[in-house]
Amino acid sequence: MTEVYSYRAEIGANWKLFIDAFAEFYHAPILHMKQAVKDEADKLAGYGYEALHYDLQPPHSMISSWGGMAPPKDLNMVKPIERVLRSGLFGPWDQPDIDGLADDQLPTALNPTGFHSWGQDSFEFFPNMTLLVWKPGWYLTYAYWPTAVDKHIFEASLYFVPPKNARERLAQELAAVTFKEYALQDANTLEATQTMIGTRTVTEFPLCDQELLLRHLHKTVGDYVKEYRDASAN
């Protein structure tokens, strides 16, 4: 997968906040889908959300999720340009031929539950890298580079099998620009969160059972900081 689209931006939020936002998927129907098709977003919000699988391999972790249908079951769920180019946020609808894998065969470690509506797996490599593999046959990476307590550099790259024709190229480009728009939605909310945290009005933040990777990240960071402080004290 050597066809690559990359983005880089300075974000006004702590690096851990950004990882927190990408380490769970229940926000997608509420934050992202309402920007696309309201009726479908309302339907998904009514269903609720729960991940398929969690795996902690300290200091790393992963989460497996349903979703990411490409193509969608109902074409009215997506915008006209997505129907024309057969692509969108979940990537090109037509799965590419991937060397070494038969049709519908997945690499080892993906979709560990074997769920029929599996959509993506996200692997969090401590301290600052995410690898997100999508069912339609592509993947992306995130890197978070702290520059201050309330700023970091966010880098994202999308990887595809090289297109064979103009239509496949346009499908990949649509996925890339669509991803950028949704990343901007995430960045906007997190910069607002950082502003709130800076006031120190709220000092404790309860986490739900689904936020397992968030708890794991902050516990791991806390352990590393404690180890450093203990060593410095000695």
>> Could you go through Asp223 and Lys219, starting from their C-alpha distance and side-chain angles, then the distance that decides it, and tell me whether this counts as salt bridge (charged side-chain N to carboxylate O under 4.0 Å, His left out)?
In response: CA-CA 6 Å; Asp223 289 345; Lys219 173 66 165 59; 2.8 Å; yes

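Residues Leu184 and Leu174 do not share a hydrophobic cluster, defined by chaining ILVMFWY side chains whose heavy atoms lie under 4.5 Å apart. No continuous path of hydrophobic side-chain contacts links Leu214 to Leu52 [ILVMFWY only; heavy atoms under 4.5 Å]. Taking hydrophobic clusters as Ile, Leu, Val, Met, Phe, Trp and Tyr residues chained together by side-chain heavy-atom distances below 4.5 Å, Val202 does not share a cluster with Leu207. Taking hydrophobic clusters as Ile, Leu, Val, Met, Phe, Trp and Tyr residues chained together by side-chain heavy-atom distances below 4.5 Å, Tyr228 does not share a cluster with Val221.
Here the side chain of Tyr7 pairs a donor or acceptor atom with the backbone of Ala176 at under 3.5 angstrom. Side-chain atoms of Trp138 come within 3.5 Å of backbone N or O of Phe90 as a donor-acceptor pair. Between the side chain of Arg86 and the main chain of Glu168, no donor-acceptor pair closer than 3.5 Å is present. The backbone N or O of Arg169 lies less than 3.5 Å from no partner atom in the side chain of Gln172, so there is not a single donor-acceptor pair. Put simply, the side chain of Asp121 never gets that close to the backbone of Val133: no donor and acceptor are under 3.5 Å apart. Looking at Thr199, its side chain never comes within 3.5 Å of a backbone N or O of Thr195 through a donor-acceptor pair. Judged by distance alone, with hydrogens and angles left aside, the side-chain atoms of Glu191 form a donor-acceptor pair with the main-chain N or O of Gly12 at under 3.5 Å.
Closest of all the heavy-atom pairs between Ser61 and Leu56 is CB-CD2, 3.6 Å. Nearest heavy-atom pair across Gly88 and Trp93 is N-NE1, 4.3 Å. Closest approach of Asp209 to Arg215, counting heavy atoms only: O-NH2, 3.2 Å. Nearest heavy atom pair, residue Ala109 against residue Pro112, reads O-CD, 3.9 Å. Between Ile19 and Pro127, the closest heavy-atom pair is CD1-O, 3.6 Å.
With a 4.5 Å cut-off on side-chain heavy atoms, Tyr224 and Pro59 count as touching. When side chains are defined from C-beta on, His53 counts as touching Met62, because their heavy atoms get closer than 4.5 Å. Side-chain contact check for Glu211 versus Cys208: some heavy-atom pair is nearer than 4.5 Å. The shortest distance between side-chain heavy atoms of Leu131 and Phe125 falls below 4.5 Å. Counting only heavy atoms from C-beta outward, the side chains of Thr201 and Met196 never approach each other to under 4.5 Å. The closest side-chain heavy-atom distance from Phe160 to Pro96 is not below 4.5 Å. Within the 4.5 Å cutoff, the side chain of Glu173 has no heavy atoms near those of the Val177 side chain.
Shown here are the ring-ring contact (aromatic ring centres under 6.0 Å, His included) partners of Tyr54, two or more places apart in sequence or in another chain: there are none. In terms of the ring-ring contact (aromatic ring centres under 6.0 Å, His included) criterion, residue partners of Tyr139 (sequence neighbours excluded) are, by chain and number, Tyr159.
With 3.5 Å as the limit, one finds a donor-acceptor pair spanning the side chains of His218 and Asp20.
Heavy atoms of other residues, nucleotides or ligands lying less than 6.0 angstrom from CG of Asn165 number more than 12.
Taken to the nearest 0.5 Å, the CZ atom of Arg167 stands 5.0 Å off from the CG atom of Asp94. Note: Ile11 CD1 to Phe18 CZ = 4.0 Å, rounded to the nearest 0.5 Å. Note that the CZ atom of Phe123 and the CG atom of Leu213 stand 11.0 Å from one another [nearest 0.5 Å]. Taking CD of Glu124 as the reference point, atom NE2 of His60 lies at 11.0 Å (rounded to 0.5 Å). Rounding to the nearest 0.5 Å places CH2 of Trp134 at 9.5 Å from OG of Ser122. Within the model, atoms CG of Asn14 and CG of Leu190 stand 10.5 Å from one another, a figure rounded to the nearest 0.5 Å.
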Result block: side-chain N/O donor-acceptor pairs under 3.5 angstrom for residues 145-154, not counting sequence neighbours:
unit_1: Trp145; atom_1: NE1; unit_2: Glu155; atom_2: OE1; d: 3.0
unit_1: Thr147; atom_1: OG1; unit_2: Lys151; atom_2: O; d: 3.4
unit_1: His152; atom_1: ND1; unit_2: Ala13; atom_2: O; d: 2.7

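Proximity of the aromatic rings of Phe179 and Tyr5 is defined here by a centroid distance below 6.0 angstrom, and this criterion is not met.
Applying the ring-ring contact (aromatic ring centres under 6.0 Å, His included) test between Phe22 and each of Trp15, Tyr182, Tyr142 identifies Tyr142 as the sole match.
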